[in-house]
Amino acid sequence: MTGVYHRFKNVTVVPRPYQRPTPPIRIAASTPDTFPAIGRRGMPIFASVRHTSWAALAEQIRTYHEAWEAAGHPGKGQVFVSAPTYVAETDDRACSEPRDSIMHFYHEQANLLEGAARLVDPETAARRLQRVEQLRNADYDEAVRTNALVGSPDTIAEKLQSLQAEIALSGILAELNCGGLIPHDRVLTAMRLMCEAVKPRFTA
């Protein structure tokens, strides 16, 4: 493989992928222009609600689907999203137990975004710095309503079903301990509930 700034010969990847021909490939999207660009290429998309709301993401996913269709690709394209997630036996427990950890997570994300804003063009930097202020002033209840997936198994399943209808959601990466402050036993419980009480509702 030869390019303007690189030249590789007889290169191999190790360890070799188990799947044939390769594992599924999803392209990450984080800026407005990347969503339609991935749609035009006809590739599955991987997005996040760490720095945006589900409502804003829905608009970005719409541009992905429109570009996918305009390029003549069949179907709609797969949509995968990473999201701060927490599942407990009841809605009250699910909302109260991860509060400190999720808020710590958002404050740390603000610090990371602020540093990253120094490395990009002025337009992107301004957008990131605006999000920095939003994250630093984030209200937990608002975050649960607009960004995170938090609730009992029934509540999480309902939210996921709504997202399936709204953005053609294909799957999620559930970040079950955003902030890293949730006790390990509670994380294991959240994982068990997600696997045993939520996932079976979406398995054909």
Side-chain angles (χ1 to χ4, degrees), residues 5-6 25-41 43-67 78-88 94-151 156 159-160 163 166-167 169-184 186-187 190-191 194:
Y5 301 107
H6 61 266
I25 295 174
R26 301 163 191 159
I27 301 180
S30 60
T31 58
D33 59 309
T34 55
F35 286 83
I38 297 168
R40 286 190 293 271
R41 294 185 64 179
M43 297 295 294
I45 199 166
F46 185 64
S48 173
V49 287
R50 284 183 167 190
H51 303 152
T52 190
S53 67
W54 285 106
L57 180 64
E59 176 59 24
Q60 293 172 325
I61 294 297
R62 182 185 63 78
T63 68
Y64 165 73
H65 287 311
E66 288 177 349
Q78 294 182 321
V79 176
F80 297 85
V81 180
S82 67
T85 305
Y86 190 73
V87 193
C95 286
S96 63
E97 290 174 358
R99 177 185 292 267
D100 291 343
S101 191
I102 288 179
M103 293 310 295
H104 174 71
F105 170 77
Y106 282 128
H107 293 154
E108 286 301 306
Q109 286 294 302
N111 293 336
L112 291 171
L113 269 183
E114 186 175 42
R118 303 188 185 100
L119 307 175
V120 295
D121 62 275
E123 181 181 349
T124 303
R127 187 169 60 247
R128 288 183 177 176
L129 289 173
Q130 181 181 22
R131 185 56 181 154
V132 166
E133 289 306 308
Q134 292 172 341
L135 288 169
R136 286 192 171 142
N137 296 310
D139 172 78
Y140 178 70
D141 293 333
E142 177 72 9
V144 168
R145 283 194 302 272
T146 62
N147 296 81
L149 292 172
V150 172
I156 295 295
K159 289 182 178 181
L160 291 175
L163 290 168
E166 186 176 5
I167 65 172
L169 182 69
S170 304
I172 64 165
L173 188 161
E175 300 180 87
L176 293 173
N177 192 8
C178 280
L181 303 180
I182 301 172
H184 185 60
R186 296 308 309 167
V187 177
M191 187 180 300
M194 179 66 78

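Interatomic distance, Glu166 CD to Arg62 CZ, rounded to the nearest 0.5 Å: 12.0 Å. Separation of atoms OG1 (Thr63) and CG (Asp33) is listed at 9.5 Å; rounding is to 0.5 Å. The distance from atom CD1 of Ile45 to atom CD1 of Ile38, rounded to the nearest 0.5 Å, is 4.0 Å. The distance from atom CD1 of Ile182 to atom CG of Asn177, rounded to the nearest 0.5 Å, is 4.5 Å. The CG atom of Leu169 sits 10.5 Å away from atom CD of Gln78, with the distance rounded to the nearest 0.5 Å.
Ala94 and Pro98 make their closest contact through O-CD, 2.9 Å (heavy atoms, listed as atom of the first residue, atom of the second, distance). In plain terms, the two heavy atoms of Ile172 and Leu160 that are nearest each other are CG2-CD2, 3.9 Å. Across all non-hydrogen atoms, the minimal contact from Gly180 to Ser101 is N-OG, 3.4 Å. Residue Tyr64 comes nearest to Met43 through the heavy atom pair OH-O, 2.7 Å, listed as atom of the first residue, atom of the second, then distance. Counting all heavy atoms, side chain and backbone alike, Asn147 lies closest to Arg131 at ND2-NH2, 3.7 Å. Minimum interatomic distance between Thr52 and Ala56 (heavy atoms only, all atoms of both residues): OG1-CB, 3.1 Å.
Between Ser96 and Tyr140 there is no side-chain heavy-atom pair separated by less than 4.5 Å. Within the 4.5 Å cutoff, the side chain of Val79 has heavy atoms near those of the His65 side chain. Taking the side chain as every heavy atom from C-beta outward, Val150 and Arg145 never approach each other to under 4.5 Å. Between Leu57 and Phe35, the closest side-chain pair of non-hydrogen atoms falls below 4.5 Å.
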Would you mind writing out the side-chain donor-acceptor pairs for residues 103-113 within the sub-3.5 Å range, not counting sequence neighbours?
| from | atom 1 | to | atom 2 | distance (Å) |
| --- | --- | --- | --- | --- |
| His107 | ND1 | Met103 | O | 3.3 |
| Gln109 | OE1 | His51 | NE2 | 2.6 |
| Asn111 | OD1 | Arg136 | NH2 | 2.8 |

Side-chain donor-acceptor distances from residues 80-87 under 3.5 Å, at least two apart:
| from | atom 1 | to | atom 2 | distance (Å) |
| --- | --- | --- | --- | --- |
| Ser82 | OG | Ser48 | OG | 3.2 |
| Thr85 | OG1 | Ala83 | O | 2.8 |
| Tyr86 | OH | Glu97 | OE1 | 2.6 |

Working note: Trp54 + Ile167, criterion side-chain contact (heavy atoms from CB on, under 4.5 Å); need CA distance, chi angles, decisive distance, verdict. CA-CA 9 Å; Trp54 285 106; Ile167 65 172; 4.3 Å; yes

Does Arg118 form a side-chain contact (heavy atoms from CB on, under 4.5 Å) with Leu129? I'd like the steps, not just the answer. CA-CA 10 Å; Arg118 303 188 185 100; Leu129 289 173; over 6 Å; no

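Residue pairs meeting the salt bridge (Lys or Arg N to Asp or Glu O under 4.0 Å) criterion with at least one member in residues 119-130: none, sequence neighbours excluded.
No donor-acceptor pair under 3.5 Å is formed between the side chain of Thr34 and the backbone N or O of Ala29.
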